[in-house]
Protein chains: 2
Amino acid sequence: MAKAKTSDRTDAEKGMLVPTEFDDSIMWAAWLYYADQMTQSEIAKRLNVSRATIVNYLQEARERGIVSVHINPKAGNRTRVARALMDTFGLAGAFVIPDGDEQALVQRLGDAGARVLADQMEDGDTIGVAWGRTVLAVADQISLTRPVRNLTVVQVSGSSTGEADFSPELCTSILSNRIHARCVNLLAPAVLSTKALKALLLAEPVLLKQMDLVHSANRILFGVGDIGPKSTVRQAGIGEPEEIDDYVARGATAVIIGRFIDAHGGAVGGAHDERIVGITLDELKNIPSRICVAGGPSKIKAIIATLEADYVTHFITDMATAEALIAAAGTA
Amino acid sequence: MAKAKTSDRTDAEKGMLVPTEFDDSIMWAAWLYYADQMTQSEIAKRLNVSRATIVNYLQEARERGIVSVHINPKAGNRTRVARALMDTFGLAGAFVIPDGDEQALVQRLGDAGARVLADQMEDGDTIGVAWGRTVLAVADQISLTRPVRNLTVVQVSGSSTGEADFSPELCTSILSNRIHARCVNLLAPAVLSTKALKALLLAEPVLLKQMDLVHSANRILFGVGDIGPKSTVRQAGIGEPEEIDDYVARGATAVIIGRFIDAHGGAVGGAHDERIVGITLDELKNIPSRICVAGGPSKIKAIIATLEADYVTHFITDMATAEALIAAAGTA
DNA sequence: AGCAGAAGTTGACAAATGACAATATCGGCG
DNA sequence: CGCCGATATTGTCATTTGTCAACTTCTGCT
């Protein structure tokens, strides 16, 4: 354990009083390789180590973010499918990843979403974060490759009670941590038992302040949930099964930012909805940059509902989903 | 063949109305390779082309800036020598490239400078640009890997008459062009024949406006010139040989932004200096981010003069020069 | 001091990559 | 219609790179 600690310290950028020479070698190897285009053997010779060591250095340089590969999202917007999506749904940006490993779809979408978000971030941004498997995947994989100062990450809906491994708090915490942002968690349950209690709670100074931050976010990251039997909403403990069935009976087709919408994106309100703590659909539309990451055959309808109602400015999905969306929108 | 058809349809389905169809394959190859870490052979199979084609796609993706490798300048600041430089000369940032091909030193420094500058740029920046071989090398190699809007590039000293291939106009034009910035060239000669004429010219509305821009720059990029017999100043036609000799006689050790400074960075003024059109040394110090790129054995003294007088906030050099600087500063 | 375990390094081999000449495809144009 | 030149693609081979088990060095602990 003690040893592991030691190595951690070496890896962690801060906390080191004296920068070891070790960092230098890694930096140099990285520069000689990626900037000067020398081969690993040449670098090995110059640094007087074996080539295998250079391989390790370069690996570490990538892991530590000393070097990183940037894929231009602007170029992503120029692909045919991305354009079609943008035209069909009036999006400001779309990024479509090629089909690949089915199993890893969420991971891969997360990677793409992370790149798009990271690319957009600017000094002083306040970034709202919803929750879900996909949002977590984004949070898990985002990383800053350039200095962006003064970021705030704010959880936009109350914390869920379910023991899901993609809770709002978790998504927010991880994301903020990875980009060195101030982290603001909403200190309230996602759903309260009465409308009155919700009003009381929201009147608390702490909550007022936090909700102010939510409303001042200039970007937001969210996914799309469907309503199927195995869907996330049903697992996340947002409401009793009957309550969700009730939503469905009244036309609910998708869930975004913890709110239910019908096939055309209209809010499906009701008593339960009024007990939810979090950003509302109307408030969502006031945020300038609304980044949505979603994909998968089971979500097509839900995504169409979301996109049609203009809840999204920047959409990230996979090829198969994109084509299904375009086809479906065409026939509609 | 039938298989190939399928992929062809994806690539060039409808009429070639848009030249971007082609981008799709390149974009996909780039994504699958750099984001999904697939091997070129796997990608080739999926895209139904030969692996060699994938190699080409990836090459083009890099050339077109669809993918780019970023080397974190912050990490560069952590190397031992960079730290030593920062401590010794009170710099905000230093980037030291490892020794390499002697001949290509200017190119390699240009690459490093370009990365540092590109990394710093923010929306709305106004970037002052001096001139010289090194500055040109930066301009030649800079490229935007993320969207930065509303940039202005402004030439900070008058245009030289010499036919040098690194004139102020050229440096400014190339740099602005490569980063899609507004380009403002100073429409005046570097040196006028009388102080009075200079005053007259600078009173012109056009020039007034341009000089205002110069003074409002929030970043500046410049190199360091030495005074040796083969030095740039003597070739650039900034003044008659006698005039330059006169500067030297009065202690001139280096030239930055077209102005002469002594061994401790003090301005070496005089009649000639008063006829120069361009930013002054005092004005230089008012610019928040002052990026200086310089290296090479012949420039050690000149660089020390520059660094000691706090003209620089961010300094880019090579290992050999850095070590010489630190050694020299230690003995002084 | 001596030992245990982890981190760092190495050599050797298999796999992946880059280079390039040869070949195929496409869009005019006589 | 067929030929031309330009552009895109491919097969092949030498080089470069990643992997992995063995080895060395270092560190903390008894």
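Values below: every heavy atom of this structure, side chains too, minus hydrogens, waters and symmetry copies. Chain letters run A, B, ... following the sequence lines, proteins first and then strands; every chain starts at 1.
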Report yes or no: is the cationic atom of B:R115 (NZ for Lys, CZ for Arg) closer than 6.0 Å to the six-membered ring centre of A:W31, at no more than 45° off its axis? yes

Nearest whole Å is fine: how far is C:dC13 P from A:Q40 CD? 19 Å

Expressed as a whole number of angstroms, how long is the span from B:R62:CZ to C:dT17:P? 11 Å

Tell me, do B:L91 and B:T313 make a side-chain contact under 4.5 Å, heavy atoms counted? no

Would you please say whether a donor-acceptor pair under 3.5 Å links the side chains of B:D318 and B:T321? yes

Measure from CG on A:L58 to C1' on D:dG18 and round the result to the nearest Å. 11 Å

Any side-chain N or O of A:Y33 under 4.0 Å from OP1/OP2 of D:dT16? no

Test: A:D101 and A:R108 ion pair at under 4.0 Å: no

Please give, in whole Å, the distance from C:dA7 P to A:Q59 CD? 16 Å

Salt-bridged, A:E122 to B:R146, with N to O below 4.0 Å? no

How close or far is atom C1' of D:dT16 from atom CE of A:M38, stated in whole angstroms? 14 Å

A:Y57 OH to C:dT10 C1': how many Å, rounded? 12 Å

Going by atom types only, do A:N72 and B:R64 share a side-chain donor-acceptor pair under 3.5 Å? no

Between atom CD in A:E60 and atom C1' in D:dG18, what is the gap in whole Å? 16 Å

Specify the residues of residues 45-56 of chain A, ordered by number, for which at least one heavy atom lies under 4.0 angstrom from an atom of DNA chain C. A:V49, A:S50, A:A52, A:T53, A:N56

